[in-house]
Every structure is written in C-alpha cells, then in structure tokens.
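Working notes, structure below.
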Amino acid sequence: MSIKKVLTGNHAVSYGAMASRVQVISAYPITPQTQVVELLSELVADGKLDAIFVNVESEHSAMSACISASAAGARAFTATSAQGLALMHEMLHWAAGARLPIVLADINRAMAPPWTIWTDQNDSLSQRDTGWMQIYVESNQEAFDSIILAYKVAEQVFLPCMVVLDAFVLSHTSEPIEIHDQEKIDEYLPPYRPMVTIEPGKPIGYGALAAPDTYMEFRYKMQRAMENAVEIFEKEGKLFGDMFGHSYDLVEPYMMDDAEYVIITVGAVTSTARVAIQELRKKGEKAGLLKFRVLRPFPFEKLRELLSGRKKVAVIDRNISFGHHGIFYQEVKSALYPLSNRPPVFGYIAGLGGRDITVSDVVDIYEDMKKRETLEEIIWKGVKL
Amino acid sequence: MVEIRTHGRGGQGAVVASKILADAAFRVGKYAQSFPQFGVERRGAPVVAFTRIAESEEELPVRSNIYEPDHIVVLDPTLLSIPDTFAGLKEGGWVIVNTPELPENLDIPAKFRVATVDASEIAVKYGLGSKAQPIVNTAILGAFSRVLENVIPLSAILNSIPEEVPVKPDANQKACEEAYNMTRIRK
C-alpha cells in the first residue's frame with residue numbers, strides 16, 4: 001500500500017534508495033546531504049533495509065566502494081554535495097568508464113571558497129563530462145521517484161546516474177510525498193542483472209589497459225549508450241506514470257502550447273516559475289515555461305521541437321562557467337543552432353550561492369527578455385553592484 | 001494560502017515547530033510546506049523558519065522565502081526588538097509570542113493581533129530542555145492553535161508531535177495542551 005507522509009527532500013532521497021532496494025551504500029557525510037545517509041544508516045542498523053552500509057574516510061573512497069560493489073553485481077548508492085562531489089571526480093570517471101549503473105544523489109551546494117553551504121549547480125555541472133547521466137528535480141516527490149527511475153534507466157544502458165536536488169530549497173524543505181506501494185516498485189524495478197561480475201575464485205580484469213587500437217571504441221560505445229538512454233528515459237518515464245500516476249520526461253513543457261516567450265528553468269526554481277507564468281498569463285501574456293530535467297543524455301530533439309518558432313527564450317542558470325556563460329544557456333543555444341527558425345536565447349545568471357529567487361524575480365526576467373532588442377548572453381539578476 | 005514565519009533562537013526548536021505545523025496541516029487534509037532559512041545553526045543565534053499551508057497542492061508551488069507572512073510565531077521575546085521580526089507582516093496578522101508578559105504590555109502596533117503564553121515556564125515544568133535553555137516549540141504551538149484553530153486544530157498538532165519530536169512525546173503534548181489553555185489574547 002502506498003503511504004503519504006511529510007518528508008524533507010533528503011529523507012525522500014533516503015526512502016527512494018530504500019524503495020529501490022539498494023544493497024550497498026557507501027557515503028561520507030557533508031552538509032546539506034548528511035540527513036540522507038543518516039537515515040539510511042539507521043534503516044540499515046534497524047534491519048529495515050537489507051543492505052551493507054560501508055563507512056569510509058572520504059568521498060573518493062565512498063565512490064570507490066560503490067564501484068567495487070557494483071562491479072560485484074550489487075545495486076550501489078551514495079550521496080554527496082559540493083566539495084564532496086569534487087573529491088569523487090576521479091572515481092566518477094571510473095564508474096562511468098567501467099559502465100557501472102551506480103546512482104548518486106547530489107544535493108546541489110555551491111563550491112567554496114568563499115565557504116558556503118547553500119545551493120547552486122556548479123558542483124554537479126563540473127561533473128557534466130564524466131559520463132554520468134544527470135536528472136535535476138523540482139520537488140521532494142520527484143526526488144523520491146527519480147531515484148527509482150534512475151536505477152531503471154542506468155541498469156539498461158550500463159551508465160551511472162546522478163539525481164540532483166537543490167540544497168535547503170528541497171533538501172531541508174518538508175512537504176507531503178507519496179511513498180508508492182513496494183510491490184509495485186518491485187514490479188517496476190526488478191533486481192539488477194549485471195552483464196559481468198567480479199567474483200572470488202573467478203578472477204577477471206576490470207578496467208585493464210586499452211591501447212590506442214581499442215580505447216576509442218570504448219568511448220564510442222559510451223556515447224551510443226547515452227544516445228540510447230534518451231528513448232529509455234522517455235519510455236520508463238511514461239511507464240512510471242502509468243504505474244504510479246506521475247510521468248516524467250527529459251524536458252517538460254508548462255503552458256507552452258501557444259507560448260511566444262519561454263522561460264527555461266532547472267530544479268526547484270521551476271516551481272516558483274510556474275507561479276510567475278500563471279501571473280503573466282493572467283495579464284494576457286503568452287508566456288510558457290520549459291523545465292529542463294535531464295541534462296545527460298541531452299534531449300536534442302524534444303528541445304528543438306518545443307522551442308522552434310518561439311519569439312524569445314530566457315534561460316535561468318543557477319551556475320556559471322567562468323569566462324563563458326551560464327551552462328544550461330550554452331547547452332540550449334548549441335542545441336538550437338541547426339534550426340533555421342531558432343529563437344534568440346537570453347542567458348540570466350541568478351540565485352548563486354543560495355540567493356533567493358522569487359516569483360517577482362522570474363516575472364522581471366520575463367519582462368526584461370521581452371523588451372530587449374539586442375541579444376545579451378549574460379545578464380545578472382539580483383547581483384549587488 | 002496561509003504563510004507563517006517562525007522566529008526563534010538556535011536551540012529553541014523553531015525549525016521543528018515549522019515542521020510540526022506542516023505535518024499537522026497535512027493531517028487535516030491540507031497541503032503544506034515548511035523550511036528553515038538555514039544558516040550555520042548556532043545555539044542562541046536568531047533562526048527563522050517558514051510554513052506555507054494551502055487547501056490544495058496546486059496552490060503551493062512557490063519555493064522562495066516568505067517575505068509577507070500572514071502570521072508570525074516568536075519563540076523568544078527579545079526578538080521583538082529586531083525590526084526583521086515584523087518585516088512584511090500583513091495587517092491583522094497574529095503575533096504569537098512566548099513571554100510571561102500580558103499581550104497588552106507588549107509594544108506591538110495595533111494593526112496586528114497579539115497572543116502571548118509563557119511557553120518557557122511550561123516547557124521547564126514538563127522537563128523540556130533545561131531551565132536556562134527550555135525547548136519551547138511544542139508549547140508555543142498550543143498558543144498557535146488557540147488563535148488559529150481554523151488553520152490547524154489542536155488535535156492535529158498533538159497527533160504530529162510524536163512524529164516530529166520522538167523524545168518525550170507525552171510531555172511535549174501536555175506542554176502544548178497547557179499552553180493552549182493558558183494563552184492570553186490582546187483585547
């Protein structure tokens with residue numbers, strides 16, 4: 001039977017991992033992720049979750065333990081934030097290159113220095129090119145659901161997946177979520193069936209030397225796996241909806257049917273932007289919202305289909321690539337380049353280091369985009385100059 | 001939608017108070033969201049937490065801080081002298097204060113409604129926290145439901161307490177009930 005409960009985003013992640021019947025958890029605590037692994041370690045200790053919890057001395061080791069567990073055929077899970085994710089960087093490449101379907105929850109926290117614990121996306125986006133899939137969620141329900149969905153997709157394409165949620169705005173926010181019926185979850189997500197496993201007594205090499213005559217093919221296959229993941233995300237997101245009542249896609253339109261001006265958001269700010277779009281619609285504006293949910297694999301086709309022919313597009317980035325632009329802005333622009341009727345795209349940087357993004361901020365961004373005549377690629381919203 | 005801001009000091013339980021409000025609202029069929037304005041929490045430092053309560057999920061997607069609360073809950077009377085405490089409070093909004101003072105004795109503008117209860121004394125009586133540092137969150141929520149029963153009834157708060165406060169749930173429930181009965185409302 002499903003249960004409805006008021007939970008923080010962090011605990012939604014813990015219960016998502018439990019519902020996915022993870023077998024090995026290895027993690028190192030870091031604010032704001034700590035509650036995720038605190039609860040998981042309690043659930044393991046109390047015998048409510050049949051898993052091994054491996055305590056380690058660093059995030060690098062946490063990912064190493066997950067890699068070993070996954071290579072041995074176990075469903076492995078970890079969670080981290082900011083500097084912790086950065087410390088994993090080397091092993092993130094390893095997990096993806098070894099084609100291990102590990103799931104990691106990253107509680108988006110801005111990078112230090114200056115020291116900070118609040119949200120932005122530079123931690124997860126710094127790992128964009130490691131070969132991990134990335135899902136950015138909007139609510140605690142979506143955090144819970146996405147952990148399950150992440151395993152379902154990862155174990156079909158043999159690539160690891162990161163589920164990313166905003167520090168505090170989701171991680172420490174309590175709201176009602178539905179914990180779906182476990183039998184149905186088990187039906188949706190059957191046990192992991194690895195292609196190869198390492199076993200004592202049956203030695204095989206993993207990640208051995210690949211000379212120039214073979215290495216490139218490994219990379220080609222990773223790219224193909226990512227490309228295939230687009231369709232699998234679509235299919236599994238729909239099936240999730242059929243079974244649990246809420247379907248998921250890689251990009252999700254809101255009031256887009258007749259929209260002329262579109263705002264693109266990522267993560268929790270999407271919820272706030274929905275209210276802004278409702279307000280703009282009441283004033284007669286043809287405003288639409290596009291929630292960018294899955295960054296890798298990149299949803300080229302859907303994005304082009306949804307944005308082609310619109311008058312203008314604004315991307316709100318809670319991140320920055322220093323010396324370039326907002327990262328989702330770069331990605332959207334480059335995806336639209338082959339279109340002949342591509343709309344002008346404006347890039348807004350907002351909410352870095354947890355600065356609040358309000359409904360009126362989003363309305364301002366909309367109005368600012370609408371009145372601009374020349375293309376601006378980096379517009380700072382809310383910075384004190 | 002009703003928006004509530006809770007002001008306290010680190011260690012008084014402001015964040016848990018806002019969680020209890022959300023959980024209790026959910027128990028009476030409403031949709032709710034609570035979150036702390038998270039700092040690096042230190043004992044004694046001002047802490048702010050937010051709660052949004054709506055009749056349905058559709059009303060509630062905003063995820064920014066609350067700048068214009070309908071009501072405020074103040075766990076430490078010394079916070080009344082900080083202008084931030086009243087910032088944006090809507091006219092007619094309740095100011096629910098933990099203090100031994102009568103509400104008439106507090107210097108709070110007439111455009112607000114005021115309720116007081118000595119939550120610290122009640123918390124000490126029931127062994128919640130220490131005498132120097134009582135944990136007043138469950139007691140002050142008794143006062144909350146006394147004046148805002150239509151938003152959250154006392155019974156729902158009492159039912160949420162064991163969920164959110166696993167330590168001494170009985171004593172916390174008793175403190176909450178006693179505060180409900182002892183609440184004084186400005187005439």
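Quick note on labels: first sequence line is chain A, next is B, and so on, each numbered from 1. No hydrogens, no waters, no symmetry mates; every other heavy atom, side chains included, goes into these values.
In this structure the side chain of B:Phe26 reaches within 4.5 angstrom of the side chain of A:Lys4, judged on heavy atoms. Counting heavy atoms from C-beta on, the side chains of B:Arg63 and A:Glu175 come closer than 4.5 Å. Taking 4.5 Å as the limit, every side-chain heavy atom of A:Ser174 sits out of range of all side-chain heavy atoms of B:Phe35.
Minimum heavy-atom separation, B:Ser64 to A:Ile357: CB-O, 3.4 Å. Shortest non-hydrogen contact noted between B:Ala32 and A:Pro176 is O-CD, 3.0 Å.
A 6.0 Å sphere centred on CD of B:Glu68 holds no more than 12 heavy atoms belonging to other residues, nucleotides or ligands. The environment of B:Glu163 atom CD is dense: over 12 non-hydrogen atoms of other residues, nucleotides or ligands sit within 6.0 angstrom. Within 6.0 Å of CE on A:Met243 lie more than 12 heavy atoms contributed by other residues, nucleotides or ligands. Within 6.0 Å of CG in A:Asp257 there are 12 or fewer heavy atoms belonging to other residues, nucleotides or ligands.
Side chain of A:Asp356 to backbone of B:Asn65: a donor-acceptor contact under 3.5 angstrom is found.
Atom CG of A:Leu7 sits about 9.5 Å away from atom CG of B:Asp23, to the nearest 0.5 Å.
Using a 4.5 Å cut-off between heavy atoms, A:Thr270 does not touch chain B at all. Interface remark: B:Phe50 contributes no atoms to any contact with chain A (heavy atom separation under 4.5 Å).
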